Structure formats: C-alpha cells, structure tokens
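Notes for the one structure printed next.
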2 protein chains.
Amino acid sequence: MIETSDLPHPAREDLVLTQVLFALSDPARLEIVRQLDAGPLEMAQCCLQDPTMPKSTKSHLMKVLREAGVIRNEVKGRGRLLSLRREDVESRFPGLLESILKAPVGR
Amino acid sequence: MIETSDLPHPAREDLVLTQVLFALSDPARLEIVRQLDAGPLEMAQCCLQDPTMPKSTKSHLMKVLREAGVIRNEVKGRGRLLSLRREDVESRFPGLLESILKAPVGR
DNA sequence: ATCATGGTTCGAATATAGTTGAACCTTCCC
DNA sequence: GGGAAGGTTCAACTATATTCGAACCATGAT
C-alpha cells in the first residue's frame, strides 16, 4: 500500500489570497510558519513555546494553515511531518511569503 | 483652526504584521485597497460595485483598514479622502503590499 | 493482539468579527 | 441659521472563529 491516511491539500493553482492572508493573520499560526521556515518539523516538536496547548487546538491551527495551502501535513511514522509549501505559495503569489517571513517578528 | 475632526492613524513604526494581514484577508477590504492602488479616492466614489451597502458597513470596513495602518482617511470638504499608506507599509514590511497587489485577483 | 504515542474529529461553549438602523456630527450652500 | 450630503459612532443582533475535552484512528513496539 502506498497511500496513507492523508489529509486533503489544495492544489497550488487553487490557493486563494484572502485565505492565505487570513491563515497568516494569527500570531500563533504565523509563528508556526516561521518555525517551518527553517525546515520541515515533526508536529510533536512544534509549538514547544506553549507546552500547555491542548493537542486539539494545535491540530486546528495546522488545519487552517493546511487548508489555506500554506503548509503540508504528511504522515510520518506515528506522527506527522509539517513543512512549508514554499514553492507553491511562491508560484501563485510571488514574493508574498518572503516579505512576510522577513517582516519584523514582534509588534 | 487647523486641526479638523481627524480619526486616529497608527504611526508607521507601530504597524503590526498580523493586523495588516487580517485587514487584507477580507475580500471586500482587499478590493478597496486594490481600488486605492490607482490613487486616492473620495469615499463616496468607493465601493460602487455594491451600491446597496449601508454607509455604516462601509465606514466599518474603512475603520479596520485604517486602524491596521493600511489606509489613510482624511477630511476633505463634506466627505473623506481615502488613500493607501503605501510608503508606510512598504517601510515597515518591504515588498508585502506589492506582492499582494500583484497577486491574482480572483479565486 | 495489545498497548502507548501522536493526531484528527466532533461537539459544545466562548469569543471575536461583521452587519445594520438610528442618532449624531461636520461641512458646504443658500 | 437651516437644510442636505457624507460619514462616524453606538448598540443590538447575527455569523464566524477559537478553544478544548472526549472519543476515535493509525502507527510502531512489545
């Protein structure tokens, strides 16, 4: 068997700007994206700033990012591997992700 | 008298990325920004696609954009002159506005 | 097979955002 | 001054998003 229990990901050409902007407009989600900027990360290793965050909440954050097409969420062993869909976002919205990742982090 | 009844605008250095992204994550607000990309516009001439929109709704859309620091809203005669705070946004988040304005408009 | 680990999904509660009419404020014009 | 035009603010309502426990599902290890 090749296919695993994968979650749906929008195709590159179906990404919607307002959905991407919305996904990134939440500080917690933006922080996740910043972490993924350094490379793929296992979900269990993600969001370690707030270890009290319930896993359902964490899962929901990932869902919003995934459904907007910003991140990929693949099965890896017992867990999940998260990664930025950098090329896809760049292809559809050139320069967007770069400008956001380069922006000052604080407020 | 020099000062008029002006609305508060955040200073350039106080713009918050997530607030800007949020303001632009709504299709109606994004459309307004696209219109202002062509140059300043009197509020009465804005949002003419939907002439049925109540003025309170329109005013609220502008408020979100203004408080995020994306647009300027100045008194002009009996009405208001809206303009894009292009340089301010560019100064704080280089490349962001350009990439958004260049992005495909539809979904 | 069974169990533990790591995530997703569901549902209900809460919080935040959008919508709108009504009241009010300014400015221009007479 | 008085009226009309153009906007803002307020308050109440509706709609959408977030939060999180509980139940469930898949995988790897024993």
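Predicted, not measured: the structure shown is a model, and the values here were computed from it. A, B, ... follow the sequence lines: proteins, then strands. Residue 1 opens every chain.
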Checklist entry - At their closest point, which heavy atom of A:Gln19 faces which heavy atom of A:Glu67, and how far apart are they? => result OE1-O, 4.3 Å
Item to check | Between C1' of D:dA17 and CG of A:Leu24, the distance in whole Å | outcome: 16 Å
Checklist entry - How would you label the contact of B:Asp26 with the nucleic acid (heavy atoms, under 4.0 Å): base, sugar-phosphate, or nothing? => result nothing
Checklist entry - What is the distance, rounded to the nearest whole Å, between atom CZ of A:Phe22 and atom P of D:dA15? => result 18 Å
Checklist entry - Whole-Å distance between D:dG6 P and B:Leu81 CG? => result 15 Å
Item to check | A:Asp37 with A:Arg86: basic N within carboxylate O range, under 4.0 Å | outcome: yes
Checklist entry - Do other residues, nucleotides or ligands put more than 12 heavy atoms under 6.0 Å from the NZ atom of B:Lys63? => result no
Item to check | Non-hydrogen atoms of B:Cys46 and B:Ile32 that approach each other most closely | outcome: SG-CG2, 4.1 Å
Next on the checklist: Let's see if you can work this out: which of C:dA4, D:dA17, C:dT9 has an atom nearest to the side-chain heavy atoms of A:Leu7?
Outcome noted: C:dT9
Next on the checklist: Without decimals, in angstroms, what is the distance between B:Arg78 CZ and D:dA5 C1'?
Outcome noted: 5 Å
Checklist entry - Which ones in residues 49-63 of chain A lie close to DNA chain D, meaning a heavy atom under 4.0 Å from one of its atoms? => result A:Pro54, A:Ser56, A:Thr57, A:His60
Checklist entry - Can you tell which of D:dA5, C:dT8, C:dA4 lies closest to the side chain of A:Arg80? => result C:dT8
Checklist entry - At under 4.0 Å, does any side-chain N or O of A:Arg29 touch on OP1 or OP2 of D:dT18? => result yes
Checklist entry - Between atom NZ in A:Lys76 and atom C1' in D:dA26, what is the gap in whole Å? => result 17 Å
Checklist entry - Rounded to whole angstrom units, what separation is found between the CD atom of B:Glu42 and the C1' atom of C:dT27? => result 13 Å
Item to check | Pair B:Lys76 + B:Glu42: basic N to acidic O under 4.0 Å | outcome: yes
Checklist outcome for this item: Scanning both residues in full, the closest heavy-atom pair of A:Arg80 with A:Val75 reads NH1-CG2, 3.4 Å
Checklist outcome for this item: When rounded to whole Å, the CG to C1' distance for the pair B:Asn73 and C:dT26 reads 14 Å
Checklist entry - Just wondering, do A:Arg66 and A:Arg85 contact through their side chains at under 4.5 Å, heavy atoms? => result no
Next on the checklist: Rounded to whole Å, please give me the gap between CG in B:Asp6 and C1' in C:dC25.
Outcome noted: 14 Å
